[in-house]
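Below you'll find the structure, written out as C-alpha cells, and then a few comments.
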2 protein chains.
Amino acid sequence: MKKDALFPNDSIVFLTNRVGRLLANHIRQAAEHESWGLQPQHMGILVDLWQREGVRQQDLAVSNIKDKGTIARALSSLEEANYVVRIPDSTDKRNKLIYLTHKGKALQAQLQPYAQMVMEQATAGLNDKDIAICQKVLSHILKALTTPGQEQ
Amino acid sequence: MKKDALFPNDSIVFLTNRVGRLLANHIRQAAEHESWGLQPQHMGILVDLWQREGVRQQDLAVSNIKDKGTIARALSSLEEANYVVRIPDSTDKRNKLIYLTHKGKALQAQLQPYAQMVMEQATAGLNDKDIAICQKVLSHILKALTTPGQEQ
DNA sequence: ATTAAATGGTTGCATTTGCAACGGGAACGC
DNA sequence: GCGTTCCCGTTGCAAATGCAACCATTTAAT
C-alpha cells in the first residue's frame, strides 16, 4: 500500500485546486487591461456557451459545479453587459434558455490569444503526449464524480 | 496549428478548475457528518502544515494561491477551533509562525479514509502510470506559473 | 379535475474571498 | 542617529458563493 500519498501537495486533489485557480487568474490578469468587464466567474459560463448554446441555467450550474443561484446572478450581469440573453422556453415555461449575443460570441476569439499565451508558458517543457494523458485523467475524474449512480 | 483547443471543456484550464472543486467538495461532504468544524477553506492550509510547520502566514498565502488577508482570517478560525497556534517570530517580529496543535496533527489520519475513498471512486478504471503523469504535468504547471521571472 | 410532488429560477442571508488601506517592524539610505 | 522603503499581518469593503426559502410551472397520483 503506497496509498498514503493523498494529502501531500503533489496529490491530484490539491494540484487540481491550485493549478485551476492559478491558470484562471493568469488568463484573467493577462486580459484584464482590455475593456471587457469580465468577472472571474464569467469565464466558466462563457466557455460552456461557446460549446453549446440554448441550455438552461440549471445545466450551466451543474457543469460549472456551482449553485444555481450563483449562476443566476452571474447571468444577470452577463446579460446586463450584453454578452448573453435569456429566452423563455415556450415548451416548458419554467426554463430560461441561454444564448450568446454577437458580442458574446466574438469574445471567444478575442480572449484566445491570452489563454494561449498563458498555456504556452504553463506547458513549456512538457511533451504533448503527457498533456493529453493529463487531460484524459482529469476528464475521467470529472465524469466519475458527476455521473450520479454507477459504482458499487 | 491545432491550437484552437484552449477554451473547450476538455482543456486543462477548465478541467483543473472543475475537477479541483469537485474533489474538494466530495471529500468535504464525505467527512461532513463528523464533528470537526472544518470549513472548505481550511483543508488546503492544513495540507500545507502537515508537510511543513513553522511557516509564516505569507508562505501559506502563496502556496495556497490565496490572499494573505484570506489566510489570516482562516487561521483565526483554525486557531479558535484549536487546530493551529500562531507563534510570534522572535528573530523578526513582523512574522507569526504557524504550528499545528496535537488536535491539528491528529486530523490528518482522521481525514485520510475519506480522502482515500473519494480518490478511489474518482480514479477507478485509470492506471497508475497515467495518474502519475497527470500529477507530473500539474506539478510542472504549478511551478511554471508560480516561479516568478524565468522564461522568455 | 384536483391535489401533491418535483423542477427551474429568484432572492435573502451568512460565509468566503480579493483588494486596498493601515500600522508595526526591519532593512537600507543618508 | 533619522528617514525612506519594503515586508508582514490585520481589517474594512465590495464582490462571489452556497444554502435555503420562495414562487411559478410541470408532472404524477388519485
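So you know, we letter chains A, B, ... as the sequences are listed, proteins then strands, and number each from 1.
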Rounded to whole Å, CG of B/Leu38 lies from P of C/dT16 at a distance of 11 Å
Atom CD1 of B/Ile71 and atom P of D/dT11 are separated, to the nearest Å, by 16 Å
Next on the checklist: Using a strict threshold of under 4.0 Å (side-chain N to carboxylate O), is an ion pair present between B/Asp130 and A/Lys136?
Outcome noted: yes
Point to revise | Side chains of B/Arg18 and A/Asn64, donor plus acceptor under 3.5 Å | key: yes
Rounded to whole Å, CG of B/Leu60 lies from P of C/dT17 at a distance of 14 Å
5'-most contact on DNA chain C (nearest-nucleotide basis), B/Asp67 vs A/Arg56, goes to A/Arg56
Q.
Quick one about A/Thr123 and B/His140 (side-chain donor to acceptor, distance below 3.5 Å, no hydrogens or angles considered), yes or no?
A. no
Are A/Arg86 and C/dT10 close enough that a side-chain N or O sits under 4.0 Å from OP1 or OP2? yes
B/Lys93 NZ to C/dA27 P, in whole Å, measures 12 Å
Next on the checklist: Does A/Arg73 contact C/dG12 through a side-chain donor or acceptor facing the base, at a distance under 3.5 Å?
Outcome noted: yes
Check your understanding: Counting just side-chain N and O atoms, does B/Gln41 come under 4.0 Å of either OP1 or OP2 of C/dT17?
Key -> yes
query: Can you find a side-chain donor-acceptor pair between A/Gln57 and A/Arg86 that sits under 3.5 Å?
result: yes
By nearest-heavy-atom nucleotide on DNA chain C, the more 5' of B/Ile65 and A/Asp92 is A/Asp92
I'd like to check B/Gln41 versus B/Arg73 (side-chain heavy atoms, cut-off strictly below 4.5 Å). Are they in contact?
no
From CG of A/Asn25 across to P of C/dT17 the rounded distance in Å is 13 Å
From CG of A/Asp89 across to P of D/dA24 the rounded distance in Å is 19 Å
Contact under 4.0 Å: B/Gln39 side-chain N or O vs C/dT15 OP1/OP2: no
Result for 5'-nearest mapping on DNA chain D, choosing between A/Gly69 and A/His42, is A/His42
Taken to the nearest whole Å, CG/B/Leu75 to P/D/dT10 is 8 Å
Can you see if the side chain of A/Lys68 gets near the phosphate of D/dA20 - specifically, an N or O under 4.0 Å from OP1 or OP2? no
Less than 4.0 angstrom between a side-chain N/O of A/Arg94 and OP1 or OP2 of D/dT26, yes or no?
no
Exercise. Would one find a side-chain N or O of B/Thr70 under 4.0 angstrom from OP1 or OP2 of C/dT16?
Worked result: no
*asked:* Check this one for me: any side-chain N or O of B/Lys96 less than 4.0 Å away from OP1 or OP2 of D/dG9?
replied: no
Rounded to whole Å, CD of B/Gln58 lies from C1' of C/dG18 at a distance of 14 Å
